[in-house]
There are 2 protein chains.
Amino acid sequence: MMENPDFDLRDFVPYLLNQAAEASSLEFQRLYKARYGMLRAEWRVLFHLGIYGRMTAREICDRSAMHKTKISRAVQKLADRRFLTRDPSDLDRRAEHLELTAAGSAAYRDLMAAAADYDARLMQGFTAEETALLRQMLRRLAAMR
Amino acid sequence: MMENPDFDLRDFVPYLLNQAAEASSLEFQRLYKARYGMLRAEWRVLFHLGIYGRMTAREICDRSAMHKTKISRAVQKLADRRFLTRDPSDLDRRAEHLELTAAGSAAYRDLMAAAADYDARLMQGFTAEETALLRQMLRRLAAMR
DNA sequence: AGGTATTGGTTGATTTTGTAACTAACAAGG
DNA sequence: CCTTGTTAGTTACAAAATCAACCAATACCT
């Protein structure tokens, strides 16, 4: 527990991360909200299913580190909008396999393209090396939980 | 709007930022919650007043990019706990100058030391150069809003 | 001065999130 | 089988965030 009298809270990494996360999410958030009326949890579930394909809520939970109630509610809304189907598992009748419908898949591809575009814009002031290092550091920090 | 068919959403910077922000905030959040029963908004107001000294809610709002209702409620709670005093401004009678009390100041210094410590632990797997670059990039991303 | 717009700050209603408790299904051990 | 423990997912309730409306003070404009 060493003291550091020169520490400036404006440099506190969790604080900076939160500021950067909020600022960088804002515009994209408006996009999926405006286009599909989605919340962040819904967008995340959508994109997990888009990337990994058919999977259960539990698997999304493991991979995304979202809380299971958030996922449960997001899945419900996406199912209401016919963006995904729920298919009870034969092996474990508690679990359901979730899978994007054609509409869900289209929304996923649309938002994925928008995200790629947005990401490029966001990072355009940085070099490729800086961006790669940033991603790598963020992944490590995220994995520390 | 150029297409990038190779883009992986797991590399989407806003997503990584959110994951890293959440993971890195978690432990520290528990600390100020346990020690002072504070919410994140309260801790932020506290530390803005600790850093900048006497200032109004509006100034905190500008500097922190928190919503004014969150600040208003955080200020109320901190005032209830006698962590700050509210002093109506002479120049503008709508505004109040906020200032930490001795107790508020002590809490600030305590948490500030804990933050410094936590920050060091968080970044100990990275080089000083990497950490400096990370901070710099986060500041730029945060300022983009 | 008088009218209108803007600003600092608060409040209440609505939405979203987090916490716990719960149901139903499975699993392991005897 | 029967008990105990665990797991997938949902629901109910409490805590918190967001949004719109609001009040009072100030600024702007003529």
Side-chain angles (χ1 to χ4, degrees), chain A residues 18-19 21-23 25-27 29-30 32-34 36-45 48-49 54-81 84-99 145, chain B residues 18-19 21-23 25-27 29-30 32-34 36-45 48-49 52 54-80 84-99 145:
Chain A
N18 269 295
Q19 297 283 108
E22 227 173 277
S25 297
L26 208 75
E27 196 180 327
Q29 195 163 4
R30 273 197 285 264
Y32 58 69
K33 194 173 216 165
Y36 301 100
M38 277 191 230
L39 248 34
R40 194 163 67 188
E42 289 153 54
W43 150 240
R44 283 199 186 174
V45 166
H48 274 87
L49 290 173
R54 173 186 171 91
M55 66 196 296
T56 69
R58 173 104 263 280
E59 291 172 285
I60 297 177
C61 194
D62 291 340
R63 290 182 193 271
S64 69
M66 282 193 280
H67 200 241
K68 59 182 184 169
T69 63
K70 239 199 264 191
I71 294 174
S72 171
R73 292 193 257 244
V75 167
Q76 267 176 318
K77 281 206 188 154
L78 290 170
D80 289 348
R81 279 170 209 163
L84 61 78
T85 56
R86 334 170 71 140
D87 174 26
S89 163
D90 292 330
L91 292 96
D92 183 345
R93 280 178 316 181
R94 292 167 302 178
E96 296 179 313
H97 294 291
L98 308 171
E99 193 167 16
R145 77 172 64 233
Chain B
N18 270 295
Q19 298 281 109
E22 226 171 279
S25 297
L26 209 75
E27 198 180 326
Q29 195 163 4
R30 274 198 284 264
Y32 57 69
K33 194 173 216 166
Y36 300 100
M38 277 193 231
L39 249 33
R40 195 163 65 188
E42 288 152 56
W43 150 241
R44 284 200 185 172
V45 166
H48 274 86
L49 290 173
Y52 298 108
R54 173 186 170 92
M55 66 196 296
T56 68
R58 174 101 263 278
E59 291 172 286
I60 297 178
C61 195
D62 291 340
R63 288 181 194 273
S64 68
M66 282 194 279
H67 195 78
K68 59 182 185 171
T69 63
K70 239 197 263 190
I71 294 174
S72 172
R73 283 167 175 135
V75 166
Q76 269 176 317
K77 282 208 186 151
L78 290 170
D80 289 349
L84 60 78
T85 56
R86 334 169 71 141
D87 174 25
S89 162
D90 292 330
L91 292 97
D92 183 344
R93 283 179 314 184
R94 290 167 303 179
E96 296 179 315
H97 295 291
L98 308 171
E99 195 166 15
R145 77 173 61 233

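Note: hydrogens, waters and symmetry copies are ignored here, and every other heavy atom, side chains too, is used.
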Could you check how far [atom1] of [X] sits from [atom2] of [N], rounded to whole Å?
| X | N | atom1 | atom2 | result |
| --- | --- | --- | --- | --- |
| B/K77 | C/dT11 | NZ | C1' | 15 Å |
| B/I60 | C/dG9 | CD1 | P | 9 Å |
| A/R40 | C/dT15 | CZ | C1' | 15 Å |
| A/H67 | C/dA21 | NE2 | C1' | 12 Å |
| B/L91 | C/dT7 | CG | C1' | 15 Å |
| A/D90 | C/dA25 | CG | C1' | 14 Å |
| B/R63 | C/dG8 | CZ | P | 14 Å |
| B/D92 | C/dT7 | CG | C1' | 8 Å |

Next on the checklist: Pair A/L39, A/K77 - check side chain to side chain contact (heavy atoms under 4.5 Å, CB included), show working.
Outcome noted: CA-CA 10 Å; A/L39 248 34; A/K77 281 206 188 154; 4.0 Å; yes
Next on the checklist: Which heavy atom of B/L78 sits nearest to which heavy atom of B/V45, and what is that distance?
Outcome noted: CD1-CG1, 3.6 Å
Checklist entry - Just by modelled atom types, is the A/K68 backbone N or O under 3.5 Å from a matching donor or acceptor in the A/S72 side chain? => result no
Checklist entry - Donor-acceptor pair, A/E59 side chain versus A/T56 backbone, under 3.5 Å? => result yes
Under 4.0 Å, heavy atoms only, any strand: does [X] hit a base, just the sugar-phosphate, or nothing?
| X | result |
| --- | --- |
| B/R86 | sugar-phosphate |
| B/K68 | base |
| B/I71 | nothing |
| B/T56 | sugar-phosphate |
| B/L98 | nothing |

Checklist entry - Which sits closer to the 5' end of DNA chain C, A/T69 or B/T69, going by the nucleotide each is nearest to? => result B/T69
Checklist outcome for this item: Residue pair B/R73/B/K33 against DNA chain C: nearer the 5' end by closest nucleotide is B/R73
Item to check | salt_bridge(A/R81, A/E42) N-O dist < 4.0 Å | outcome: yes
Are side-chain heavy atoms of [X] and [Y] found at a separation under 4.5 Å?
| X | Y | answer |
| --- | --- | --- |
| A/R44 | B/N18 | yes |
| B/M55 | B/L49 | yes |
| B/R30 | B/K33 | no |
| A/H67 | A/I71 | no |

Item to check | Terminal axis angle for the helix from C/dA1-D/dT30 to C/dG30-D/dC1, five pairs an end, nearest 10 degrees | outcome: 30°
Checklist entry - Nearest to the side chain of B/R94 - C/dT19, C/dT10, C/dT7? => result C/dT7
Item to check | Whichever of A/A95 and B/A41 has its nearest DNA chain D nucleotide further upstream toward 5' | outcome: A/A95
Checklist entry - Does B/S72 have a side-chain nitrogen or oxygen under 4.0 Å from the phosphate oxygens OP1 or OP2 of C/dT10? => result yes
Item to check | Check against side chain to side chain contact (heavy atoms under 4.5 Å, CB included), A/M38 and A/Q29 | outcome: CA-CA 9 Å; A/M38 277 191 230; A/Q29 195 163 4; over 6 Å; no
Checklist entry - Where does the chain A footprint on DNA chain D start and end, counting 5' to 3' with a 4.0 Å heavy-atom cut-off? => result D/dT7 to D/dA12
